[in-house]
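Read the structure below first, then the notes.
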Amino acid sequence: MTEIRKNIRLGIFYTGLSRYSDIVVSIFIGATLARLLTPEEFGIVAIVSVFTNFFNLLSSFGIGAAIVQNQNLNDEDISSIFSFSIIFGFILAAIFFFSAPFIADFYNEPVLINLSRLMAIAILFNSLKIVPSALNSKKLRFKELGIVSVVVHIITGIIAIILAYAGFSYYSLIINSILSGFLTFSAFFYLAPVIPTLKIKIDSIKKILKFSTFQFLFHFINYFAGNTDNLLIGKYFNVSALGFYEKAYKLMLMPVQNLTHVITPVLHPVLSKYQDDKSVIYEAYYKIVKLLAIIGFPLSIFLYFNSREIINIFYGSQWDLSIPVFQLLALAVGIQILLATSGSIFQATNRTDLLFYSGLISTIFVVVGILLGIFIGKDLIYIGYGILTAFSINFFQAFYLLVKISLQKSFTKFLNVLVFPLFLSAVLAAILFSFSYYFFIENVFFSIIIKSIISIVTWGILLYMSKENFHFVLDHVKKMMKK
């Protein structure tokens, strides 16, 4: 147990260091590009992203996670799998290239032809990096992976800003994606070189087939949950509306990704070594959920009451139409933070079948929520209501499958971990609501500073009053600082 805690803490430390360095870079790059490009330009690229995300999903085929999970793959197996991913990547990139005119016709946007054909290159690099990336994760090289992520983000971000300033419009974002894929693949391959083979062994593919198939099916259906909104908003609303919505959604994802992406890349590689001891996995995961809930649930409340300030500071007043939908999506941040970690535990317990079933249920609820918002509500804010409702329902079904069936523990006892975080959030919501009702501060910087102080003080006092939770959080902070 000491070893598992050490590996998790060390992995989280290095992943967190790189991730939060990445936050600073992301904020600067995102804010700069939002002022150089229009909502329409972001909307056009968002349309292309809907389709590139799908082809990237196809190219991955769950291979990366399967390599991490399987402890019996030899060098010959890895070479065969790498060769398979290369061939598959070339085929998918070619299909996407020749599909460009159909995508442009569907949206009646001729510019999508050239943009889509260029993004075929990014799809190829995404396929090439899958195996090297998985090998680095399996070897617990979190420090190196983190450095690569930050350096690549800085380089591509600077290039995108220069191109946008020079008037390259959509192409600045497209070139950013291509360069990011190329540089990331190059770095991962340098750290974990793999020699492709001309003769692919079918037995090597079979070793990962069951795990990777369910992993792929999960991501396949999850794609529709994550992209139906962009697909239909771009079709039935307009590219400007898609630009506003996409900015709100990505802003909602920022705290989710920057908290969970510090942890999830670590959980699967570390816990997969204990896949036959579910009690060890449950004990480690329970503490992680508790810590994330104490942070994530109050964070949702903070984001809700600071939506105007955050949108204006990050992107400027031209993005004000993103504020109402961001408010609703912000309320789902705490739920999303916890849900985002569940996949790693399904993987670590070798239950990607349950991951698939959970994803299928999740997709149904999310897609229904989006469809109701688009065709009945006919407004971005109703799409936000639909997504928030779907996420709330999916929290319970996903964790029931994970805790009760996969980990074989009491689901009701597990839910007790949420009592204190919900209490924290309710008190903070009451205080921020009262402050916002009686005081309106026009200056967004001054306003968010005051609300931040109120939130931090409230959170700290309530946490301190609960001695057990206070010492729990303090203990984890001290252990991380020692690293």
Take F375 and Y236, measure what ring pair (Phe, Tyr, Trp, His ring centres under 6.0 Å) needs, and give me the verdict at the end. CA-CA 9 Å; F375 296 110; Y236 293 102; 5.1 Å; yes

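- Here the side chain of Q327 pairs no donor or acceptor atom with the backbone of F305 at under 3.5 angstrom.
- A distance of 6.5 Å separates CG in L388 from CD1 in I335, rounded to the nearest 0.5 Å.
- In this structure, the separation between CD1 on I449 and CD1 on I441 is 9.5 Å, given to the nearest 0.5 Å.
- A donor-acceptor pair is defined here as one N or O able to donate and one able to accept, closer than 3.5 Å; no such pair exists between the side chain of S455 and the backbone of F302.
- Interatomic distance, CD1 of I405 versus OH of Y357, reported as 10.5 Å (0.5 Å rounding).
- By the 6.0 Å contact criterion, NZ on K413 is open, its count of non-hydrogen atoms from other residues, nucleotides or ligands being 12 or less.
- For CZ of F423, the number of neighbouring non-hydrogen atoms (other residues, nucleotides, ligands) closer than 6.0 Å is 12 at most.
- At a threshold of 4.5 Å between non-hydrogen side-chain atoms, the residues T458 and V427 count as touching.
- Taken from OH in Y249 to CG in L242, the straight-line distance is 13.0 Å, to the nearest 0.5 Å.
- Looking at K404 and S410, their side chains never bring a donor and an acceptor atom within 3.5 Å of each other.
- A distance of 9.5 Å separates CG of N394 from CD1 of I364, quoted to the nearest 0.5 Å.
- Atom OH of Y385 is surrounded by 12 or fewer heavy atoms from other residues, nucleotides or ligands within 6.0 Å.
- Summarising the local packing, CZ of F365 is surrounded by 12 or fewer heavy atoms from other residues, nucleotides or ligands at distances under 6.0 Å.
- Taking the ring centre of Y382 as origin, the terminal cationic atom of K378 falls outside the region bounded by 6.0 Å and 45° from the ring axis.
- Side chain of N443 to backbone of F446: a donor-acceptor contact under 3.5 angstrom is found.
- Between the side chains of S406 and T349, at least one donor N or O lies within less than 3.5 Å of an accepting N or O.
- Looking at heavy atoms from C-beta onward, L112 lies in side-chain contact with I44 at the 4.5 angstrom threshold.
- Side chain of T363 to main chain of G359: a donor-acceptor pair is present (N/O by atom type, distance under 3.5 Å, no hydrogens or angles).
- Residues Y285 and S342 have side chains that never bring a donor and an acceptor to within less than 3.5 angstrom of each other.
- R308 places a side-chain heavy atom less than 4.5 Å from the side chain of F440.
- Within the 4.5 Å cutoff, side-chain heavy atoms of V366 are placed close to those of F391.
- Contact of the W459 side chain with the I294 side chain is registered, since non-hydrogen atoms from C-beta on lie closer than 4.5 Å.
- Residue F125 places its CZ atom among more than 12 non-hydrogen atoms of other residues, nucleotides or ligands, all under 6.0 Å distant.
- When atom types are taken as modelled, the side chain of T52 and the backbone of S49 share a donor-acceptor pair closer than 3.5 angstrom.
- Listed here is the closest heavy atom pair of S466 and F420: CB-CE1, 3.5 Å.
- At least one side-chain heavy atom of I383 sits under 4.5 Å from a side-chain heavy atom of F237.
- Taking OG from S240 and CD1 from I233, the interatomic distance works out to 12.5 Å, rounded to the nearest 0.5 Å.
- In this structure a side-chain-to-backbone donor-acceptor pair under 3.5 Å is missing from D320 to N312.
- One N or O on the side chain of S300 and one on the backbone of A330 form a donor-acceptor pair closer than 3.5 Å.
- Contact annotation: the side chain of K409 never approaches that of F414 to less than 4.5 Å [non-hydrogen atoms, C-beta and beyond].
- Two residues are said to be in side-chain contact when any heavy atoms from C-beta on lie closer than 4.5 Å; V403 and Y282 meet this criterion.
- Under a cut-off of 6.0 angstrom, the local environment of OH in Y400 is sparse, with at most 12 non-hydrogen atoms contributed by other residues, nucleotides or ligands.
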Under the side chain to side chain contact (heavy atoms under 4.5 Å, CB included) rule, what do T184 and N126 come out as? Steps first, then yes or no, please. CA-CA 9 Å; T184 303; N126 180 76; over 6 Å; no

